[in-house]
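For reference, the structure discussed in these notes is given below.
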Amino acid sequence: MEHSLVLVLLLSPFVGFLFNVFLGKSVGKNVSGVIGTLTVVVSFALSVYYFMQINATDKILQINLFDWIQINNFKINFGLLLDQLSLLWLLFVTGIGSLIHLYSISYMHDDENMNKFFAYLNLFIFFMITLVIGSNLLVMFIGWEGVGLCSYLLIGFWYKNQDYNDAAKKAFIMNRIGDLGLLIGVFILANLFSTVDFMQLKQILTDVHHLPFSNGSWTKLSLAALCLFIGATGKSAQLPLYTWLPDAMAGPTPVSALIHAATMVTAGIFMITRMNFLFDLTPEVQNIIAVVGAITALVAASIGLLQNDIKKVLAYSTVSQLGLMFLALGLGAYHVAVFHVITHAFFKACLFLGSGSVIHSLHGEQDMRKMGGLKKYMPITFATMLISTLAISGIFPFAGFWSKDEILLTAFEHNKILWIIGSIASIMTAFYMFRLMYLTFFKEFRGTDEQKHHLHESPSLMTVPLIILAILATVGGLINLPGNNWLNHFLKPILITEIEHKPLDNNAYMLMGIALVGAIIGITWAYSKYIKQGFVPKEDAAITGFSKTIYNKYYVDEFYTFIIVKPLNSLSNFFRTTLEPALSNLVYGYGTVANNLALKGKRLQNGSIGLYLFGFVIGVCGILIYLFIAQ
């Protein structure tokens, strides 16, 4: 019975995918959307059921579906694992996924390929569930690659626009770079331990004092951890593989919410937390993770300061928040990173769906310079986005305040420089998020008269998910309040390092106050510039100086084009225009010589018996002469 329910949890979205692929067009858009949504709701309901069981009993569920690969003593089962970590992920993957599916019924209603859209969304959820509940690295890798495929399909969903196709290809290729690193890490672990099963690896690596390791093996272990982190930098958009994520805005807005809030970009944090027993043994790799996370948070936040596309602001916000999560991972505070993953899922999903509501009302307009004054036309969208903006800015008592402050507190205890970097990134976050709110909802409307005439609040199918997510963004911090620390206790069986439950002291209150003051400074800075001064960002051509560098994202894409894309294009052009013709001429030359020899030779085949006998005699004489010489 238990096995059957787990399979229903896993396969329900896949059934929705099959239904929409084969029957979605014929049953109509509404039925297609409802079936696609209900299949994810079923997975969510079962996730809640198993979560309540494990929360009550601490009994994990491990299922071996079948033996998959066996080579000598190396054996891999196709197994599923439901434990504390996987169930936390399942709750927000399927829960927020359900809300995004519900929202999409209205948002995508006018699209002619709505059934295909829901098929891809369902497939996305199926692969994310596979990633989360796989019992070993290879089953996880199936889901890992699956969400990469679905991101390609969904980012390029409106494939008639070539820019969207390019964005989809960019996401796909950059993720493959990271995935190669992940695979190498998996191969190294398989070579060292003859297993890639999470529970077996944990058992082996936990008994560290009895590991028969030479220095070379420890080096391999560090290399494996580093390669796994490279995989995480691709999926979770960290330096230097982060540039695909802002371009992923090309897809429909529900896709952006799904990728950024609940699924694909959280995969790297999940994988590192799952493998915490490995990373705890490689402190030098942990240091790299912390530094990369902090720098990513700062760089992405600085780029977000001047973006004018409402979805691009949120995209760089996601990269920055992910950087803070990796900062926590690198400091060994896996529970803190998971806490911020959860709260971020709430407020970021709300922000993206809210931006979709704005774009829906403005018939596709995404430039904040052409918005303004929408508060009175879209009160529910405004209120829910304001709550989520307060949460991401770290304002008390919203969810982001608790999780982000815990990251900064951890950083302060370990490395003051990283704390300063994280704090600056957080101040920038408060500024650019309220910049987004002020430019979008305040002052006078700056769009066209036709757009103003059609301004309206979104339908209830879109606003209800916004309201639910705004509530979660408000109260989400309750899951790990100081003194209660429910999340920390829940994750205790997953983590090797003991979680310290420190009471709040004067130092902690001081740091919370500094973080809160920093957020208020960022908000006040934005208010002074965009409300008091009424500043509206310049047109692209008028942006100059260092602002232009930031607006153009530090020209990282152009740098990659210069050092990678152009040399590869030049090399391919050389092969196509020079080497390929040369090789073709060489091959055709051999053919031409053979053909000419054949033309000459066929003249000897003239039917003259005398000529043939003459040739026979010459041949025999030649053989006799050779034999005589050989003696």
When every non-hydrogen atom of Val265 is compared with those of Ile269, the smallest separation belongs to O-CD1, 3.7 Å
To the nearest 0.5 Å, what is the distance between CD1 (Ile380) and CD1 (Ile467)? 5.0 Å
Are the side chain of Ser320 and the backbone of Ser317 linked by a donor-acceptor contact shorter than 3.5 Å? no
In this structure, which one of Tyr530, Phe382, Tyr527 forms a ring-ring contact (aromatic ring centres under 6.0 Å, His included) with Phe442? Phe382
Does any N or O in the side chain of Arg369 come within less than 3.5 Å of the main-chain N or O of Val536, such that one atom is a donor and the other an acceptor? no
Side-chain contact, heavy-atom cut-off 4.5 Å: Pro465 with Ile100? no
Does atom NZ (Lys370) have a neighbourhood of more than 12 heavy atoms from anything else shown, all under 6.0 Å? no
Minimum heavy-atom distance Ser106-Leu461, with the two atoms named: CB-CB, 3.8 Å
Under the side-chain hydrogen bond (donor to acceptor under 3.5 Å, both in side chains) test, residues paired with Asn30 that sit two or more places apart: His109
Heavy-atom side-chain proximity of Leu362 to Leu455 below 4.5 angstrom: yes
So, the side chain of Asn308 versus the backbone of Met368: is there a donor-acceptor pair under 3.5 Å, distance only? no
Would you find a donor on one side and an acceptor on the other, under 3.5 Å apart, between the side chain of Ser547 and the backbone of Ile543? no
With side chain to side chain contact (heavy atoms under 4.5 Å, CB included) as the criterion, how do His344 and Thr318 come out once you've worked through the C-alpha distance, each side chain's angles and the decisive distance to 0.1 Å? CA-CA 9 Å; His344 178 263; Thr318 299; 4.1 Å; yes
Give every donor-acceptor pair under 3.5 Å between a side-chain atom in residues 171-180 and any protein atom, sequence neighbours left out.
from	atom 1	to	atom 2	distance (Å)
Asn175	OD1	Lys235	NZ	3.4
Asn175	ND2	Ala171	O	2.8
Arg176	NE	Glu145	OE1	3.3
Arg176	NE	Asp179	OD2	3.3
Arg176	NH1	Phe172	O	2.9
Arg176	NH2	Asp179	OD2	2.5
Asp179	OD1	Trp144	NE1	2.7

Less than 6.0 angstrom separating the ring centers of Phe117 and Phe157, yes or no? yes
With sequence neighbours excluded, residues passing side-chain contact (heavy atoms from CB on, under 4.5 Å) with Ala391: Phe347, Phe398, Ala473
Is Tyr555 atom OH crowded by more than 12 heavy atoms from other residues, nucleotides or ligands, each under 6.0 Å away? yes
Is there a side-chain contact between Leu469 and Thr384 in this structure, where contact means two heavy atoms from C-beta onward sitting under 4.5 Å apart? no
If you apply the rule side chain to side chain contact (heavy atoms under 4.5 Å, CB included), what do you find for Tyr432 with Leu314, and how did you get there? CA-CA 9 Å; Tyr432 66 66; Leu314 296 177; over 6 Å; no
For a 4.5 angstrom cut-off between non-hydrogen side-chain atoms, does Ile259 reach Leu245? yes
Measure across Gly293 and Gln238 and return the closest heavy-atom pair with its distance rounded to 0.1 Å. CA-OE1, 3.7 Å
Kindly say whether Leu353 contributes a backbone atom to a donor-acceptor pair with the side chain of Tyr103 at under 3.5 angstrom? yes
So for atom CD, which belongs to Glu444, do other residues, nucleotides or ligands contribute more than 12 heavy atoms lying within a distance under 6.0 Å? no
Per the side-chain hydrogen bond (donor to acceptor under 3.5 Å, both in side chains) rule, what does the pair list look like for residues 113-132, sequence neighbours excluded? His101-Asn122
Phe441 side chain reached by Leu386 side chain, heavy atoms, under 4.5 Å: no
Would you find a donor on one side and an acceptor on the other, under 3.5 Å apart, between the side chain of Thr440 and the backbone of Gly372? no
Can you name the side-chain hydrogen bond (donor to acceptor under 3.5 Å, both in side chains) partners of Ser302, sequence neighbours left out? Tyr554
Under 3.5 Å, side chain of Ser86 to main-chain N/O of Val132, donor-acceptor pair present? no
Go through the steps for Met433 and Met385 under the test side chain to side chain contact (heavy atoms under 4.5 Å, CB included), then give the verdict. CA-CA 10 Å; Met433 286 307 305; Met385 286 191 71; over 6 Å; no
To the nearest 0.5 Å, what is the distance between CG (Leu258) and CZ (Phe352)? 11.5 Å
Reported CG-to-CG distance for the pair Leu327 and Leu298, which is rounded to 0.5 angstrom: 11.5 Å
For residues 454-473, which residue pairs pass the side-chain hydrogen bond (donor to acceptor under 3.5 Å, both in side chains) check, not counting sequence neighbours? Ser357-Ser458, Thr381-Glu457
Which atom of Lys311 lies closest to which atom of Pro252, heavy atoms considered: NZ-C, 4.1 Å
Nearest-0.5 Å distance that lies between atom CZ in Phe346 and atom CD1 in Ile471: 11.5 Å
Close side-chain approach of Tyr560 to Pro240, heavy-atom, < 4.5 Å: yes
Backbone of His340 reached by a side-chain donor or acceptor of Thr343 within 3.5 Å: yes
Taking every non-hydrogen atom, the tightest pair across Ile125 and Gly97: CD1-CA, 4.2 Å
Worked verdict on Leu18 versus Phe14 for side chain to side chain contact (heavy atoms under 4.5 Å, CB included): CA-CA 6 Å; Leu18 294 176; Phe14 190 72; 3.7 Å; yes
State, with a plain yes or no, whether a side-chain heavy atom of Val341 is found less than 4.5 Å away from one of Trp89. yes
Enter the distance from Ile387:CD1 to Ile392:CD1 here, rounded to the nearest 0.5 Å. 14.5 Å
CZ/Phe535: more than 12 non-hydrogen atoms of other groups inside 6.0 Å: yes
Where is the tightest heavy-atom contact between Phe562 and Pro567, given as atom of each residue plus distance? O-CD, 3.1 Å
Test item: Ile359 and Thr253 side chains (from C-beta on) under 4.5 Å apart, heavy atoms: yes
Might you confirm whether atom CG of Asn573 has over 12 heavy atoms from other residues, nucleotides or ligands at distances under 6.0 Å? yes
Under 3.5 Å, is there a donor-acceptor pair between the Tyr242 and Thr296 side chains? no
To the nearest 0.5 Å, atom CZ of Phe229 lies from atom OG1 of Thr233 at 6.0 Å
Carboxylate-amine/guanidinium proximity below 4.0 Å for Arg446 and Asp367: no
Test item: Thr39 side-chain N/O and Gly36 main-chain N/O as donor-acceptor pair under 3.5 Å: yes
Tell me if a side-chain donor or acceptor on Ser26 pairs with a main-chain N or O of Leu23 at a distance below 3.5 Å. yes
